[in-house]
Amino acid sequence: MDETYRFDERSYDALDAAGIGWQAALQVLRAPRRVRQHVGAVLRVAAATRDGRWVAVALVEEEPDQYLVVSARELDGDEAGLVAGMLGRSEA
């Protein structure tokens with residue numbers, strides 16, 4: 001998959017409000033093991049960051065394979081466990 005991810009000022013504001021740095025969002029988007037859900041023009045991606053936090057990032061497809069980051073949030077324990085299980089990991 002050759003996708004491009006873009007951030008604008010609203011992206012940075014939304015990430016800041018959620019307490020998620022842009023670097024963490026990129027770690028999720030580029031994680032070798034991640035859960036992806038693509039529905040219409042919306043892409044949601046969840047994965048663990050390098051520091052062990054489980055984060056979900058929401059994006060909107062602007063052009064084929066070109067996405068704008070619109071929000072992100074840290075997953076709660078139950079959600080993290082579900083995503084970890086989907087990835088075949090026992091720890092969350």
Would you give the length of the straight line joining atom [atom1] of [X] to atom [atom2] of [Y], rounded to the nearest 0.5 angstrom?
{"X": "Glu62", "Y": "Leu68", "atom1": "CD", "atom2": "CG", "result": "4.5 Å"}
{"X": "Asp76", "Y": "Leu82", "atom1": "CG", "atom2": "CG", "result": "10.0 Å"}
{"X": "Arg36", "Y": "Leu43", "atom1": "CZ", "atom2": "CG", "result": "4.5 Å"}
{"X": "Met86", "Y": "Arg34", "atom1": "CE", "atom2": "CZ", "result": "13.5 Å"}

task = Locate the shortest heavy-atom distance separating Leu59 from Val45; write the atom from each residue and the value.
result =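 Smallest interatomic distance, heavy atoms only, reads CD1-CG2, 4.2 Å.
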
message = Tell me the closest heavy-atom pair linking Val83 and Leu75, and the distance in Å.
response =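 Closest heavy-atom pair between Val83 and Leu75: CG2-CD1, 3.8 Å.
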
task = For Tyr5, enumerate each residue passing the ring-ring contact (aromatic ring centres under 6.0 Å, His included) test, keeping only those at least two apart in sequence or located in another chain.
result =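 Applying ring-ring contact (aromatic ring centres under 6.0 Å, His included) to Tyr5 gives none.
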
message = Other residues, nucleotides and ligands only: do more than 12 of their heavy atoms fall within 6.0 Å of CZ on Arg53?
response =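 Enclosed: over 12 neighbouring heavy atoms sit under 6.0 Å from CZ of Arg53.
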
inquiry  = Atom CZ of residue position Arg10 - does it have more than 12 heavy atoms of other residues, nucleotides or ligands inside 6.0 Å?
reply    =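 Check fails, neighbour count at 12 or below.
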
Derivation and outcome, side-chain contact (heavy atoms from CB on, under 4.5 Å), residues Thr4 and Asp65 = CA-CA 6 Å; Thr4 302; Asp65 297 325; over 6 Å; no

request  = Evaluate the side-chain proximity of Gln37 to Val39: yes if any heavy-atom separation is below 4.5 Å, no if none is.
outcome  =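 Counting from C-beta outward, Val39 and Gln37 do come under 4.5 Å.
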
key: Side chain proximity check, Tyr67 to Arg6, heavy atoms < 4.5 angstrom   =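 Tyr67 does not reach Arg6 side chain to side chain.
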
query = Taking NZ, NE, NH1 and NH2 as the nitrogens, is one of them in Arg73 or Glu79 under 4.0 Å from a carboxylate oxygen of the other?
reply =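 Counted as a salt bridge, because a side-chain N and a carboxylate O are separated by less than 4.0 Å.
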
List, one per line, each side-chain donor-acceptor pair under 3.5 Å for residues 11-23, sequence neighbours excluded.
{"from": "Ser11", "atom 1": "OG", "to": "Asp8", "atom 2": "N", "distance (Å)": "3.0"}
{"from": "Ser11", "atom 1": "OG", "to": "Asp8", "atom 2": "OD1", "distance (Å)": "3.0"}
{"from": "Ser11", "atom 1": "OG", "to": "Val69", "atom 2": "O", "distance (Å)": "2.4"}

key: Residues that Arg30 engages under salt bridge (charged side-chain N to carboxylate O under 4.0 Å, His left out), provided they are two or more places apart   =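 Arg30 satisfies salt bridge (charged side-chain N to carboxylate O under 4.0 Å, His left out) with no residue once adjacent residues are dropped.
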
message = Do Trp54 and Val35 sit in one hydrophobic cluster, given that two such residues count as connected whenever their side-chain heavy atoms are within less than 4.5 Å of each other, even indirectly?
response =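 Result: yes, single cluster for both.
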
task = Measure from the side-chain N and O atoms of Glu74 to the backbone N and O of Val55, and report whether any donor-acceptor pair falls under 3.5 Å.
result =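 No, because the side chain of Glu74 does not come within donor-acceptor range (under 3.5 Å) of the backbone of Val55.
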
